[in-house]
Amino acid sequence: MEPYEKTPLKTLASCMNTLYNDGFKENFMVKEGFLHGVDTGGKYDPLEVRILNFYRFEGETDPSDSAILYAIETKDGLRGLLSDAYGSYADEGVSKFMKTVDEIMKKTNPEKKI
């Protein structure tokens, strides 16, 4: 993944567009403890997922407008995005799933293919 210092990623939409153009085309959601590919129908457990990067966005006028965007790659090479509220409005299922993925990555070599 290329560094994005040259591209302004000040808004969630601009970041999503940039990542989409870089191949992160799947829309992901977390449901019942699994990551689901909305478009492809794929289903992944935390062992099959890598967080390649994440971006936090703060609401300018309202802290409850905060969001986080994850750039994800699955074991079969599918790349896509998962967004969630950040802070007290975060989806508990997404937070728990992503924490599990993060814990797995801390215990393994992040450069190693899944």
Side-chain angles (χ1 to χ4, degrees):
M1 182 181 293
E2 294 187 31
Y4 293 106
E5 285 77 28
K6 297 177 186 173
T7 307
L9 300 176
K10 294 181 182 181
T11 67
L12 180 60
S14 67
C15 188
M16 290 176 83
N17 287 334
T18 299
L19 291 168
Y20 181 88
N21 290 332
D22 284 345
F24 292 85
K25 299 194 183 232
E26 179 63 84
N27 294 300
F28 288 115
M29 65 181 285
V30 173
K31 184 173 150 186
E32 299 174 354
F34 291 91
L35 184 73
H36 293 265
V38 174
D39 304 319
T40 61
K43 181 177 174 182
Y44 307 92
D45 67 39
L47 290 169
E48 301 173 310
V49 174
R50 259 190 349 168
I51 303 167
L52 298 182
N53 212 336
F54 66 92
Y55 308 85
R56 290 187 186 147
F57 300 91
E58 301 288 330
E60 287 186 32
T61 58
D62 186 354
S64 68
D65 288 340
S66 298
I68 188 164
L69 179 67
Y70 298 98
I72 295 172
E73 182 178 55
T74 63
K75 72 172 184 169
D76 56 5
L78 184 62
R79 287 182 164 200
L81 303 173
L82 173 67
S83 63
D84 190 22
Y86 190 75
S88 60
Y89 294 100
D91 180 301
E92 186 177 321
V94 172
S95 298
K96 184 177 178 182
F97 183 88
M98 297 313 281
K99 184 175 192 250
T100 303
V101 172
D102 188 44
E103 289 299 317
I104 291 167
M105 294 309 296
K106 286 178 184 174
K107 295 176 184 175
T108 62
N109 180 353
E111 297 300 317
K112 183 179 177 185
K113 275 289 202 195
I114 299 172

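If you chain together hydrophobic residues whose side chains sit under 4.5 Å apart, Val38 and Leu78 never meet in one group. If you chain together hydrophobic residues whose side chains sit under 4.5 Å apart, Tyr20 and Leu69 never meet in one group. No chain of hydrophobic side-chain contacts below 4.5 Å, direct or via other Ile, Leu, Val, Met, Phe, Trp or Tyr residues, connects Leu81 to Phe34.
To the nearest 0.5 Å, atom CZ of residue Phe28 and atom CZ of residue Phe97 are 9.0 Å apart. If you take CZ on Arg50 and CG on Asp102, they are separated by 13.5 Å, rounding to the nearest 0.5 Å.
Among residues two or more places apart in sequence or in another chain, the side-chain hydrogen bond (donor to acceptor under 3.5 Å, both in side chains) test is passed with Thr40 by Glu26. Looking at residues two or more places apart in sequence or on another chain, you find a side-chain hydrogen bond (donor to acceptor under 3.5 Å, both in side chains) between Asp76 and Tyr44, Thr74. For Asn17, there are no side-chain contact (heavy atoms from CB on, under 4.5 Å) partners two or more places apart in sequence or in a different chain. In this structure Lys31 satisfies the side-chain contact (heavy atoms from CB on, under 4.5 Å) test together with Met29, His36, sequence neighbours excluded.
Counting only heavy atoms from C-beta outward, the side chains of Asp91 and Val30 never approach each other to under 4.5 Å. Put simply, the side chain of Phe24 reaches to within 4.5 Å of the side chain of Leu52, judged on heavy atoms.
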Take Asp84 and Met98 through the test side chain to side chain contact (heavy atoms under 4.5 Å, CB included) and record every step on the way to the result.
CA-CA 11 Å; Asp84 190 22; Met98 297 313 281; over 6 Å; no
For a side chain to side chain contact (heavy atoms under 4.5 Å, CB included) check, start with the C-alpha distance between Tyr55 and Leu19, then their side-chain angles and the critical distance, and finish with the verdict.
CA-CA 11 Å; Tyr55 308 85; Leu19 291 168; 3.6 Å; yes
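Within 6.0 Å of the NZ atom in Lys25, the count of heavy atoms belonging to other residues, nucleotides or ligands exceeds 12.
Across all non-hydrogen atoms, the minimal contact from Gly33 to Pro46 is O-CD, 4.3 Å. Across Asp45 and Leu47, no two heavy atoms sit closer than the pair OD1-N, 2.8 Å.
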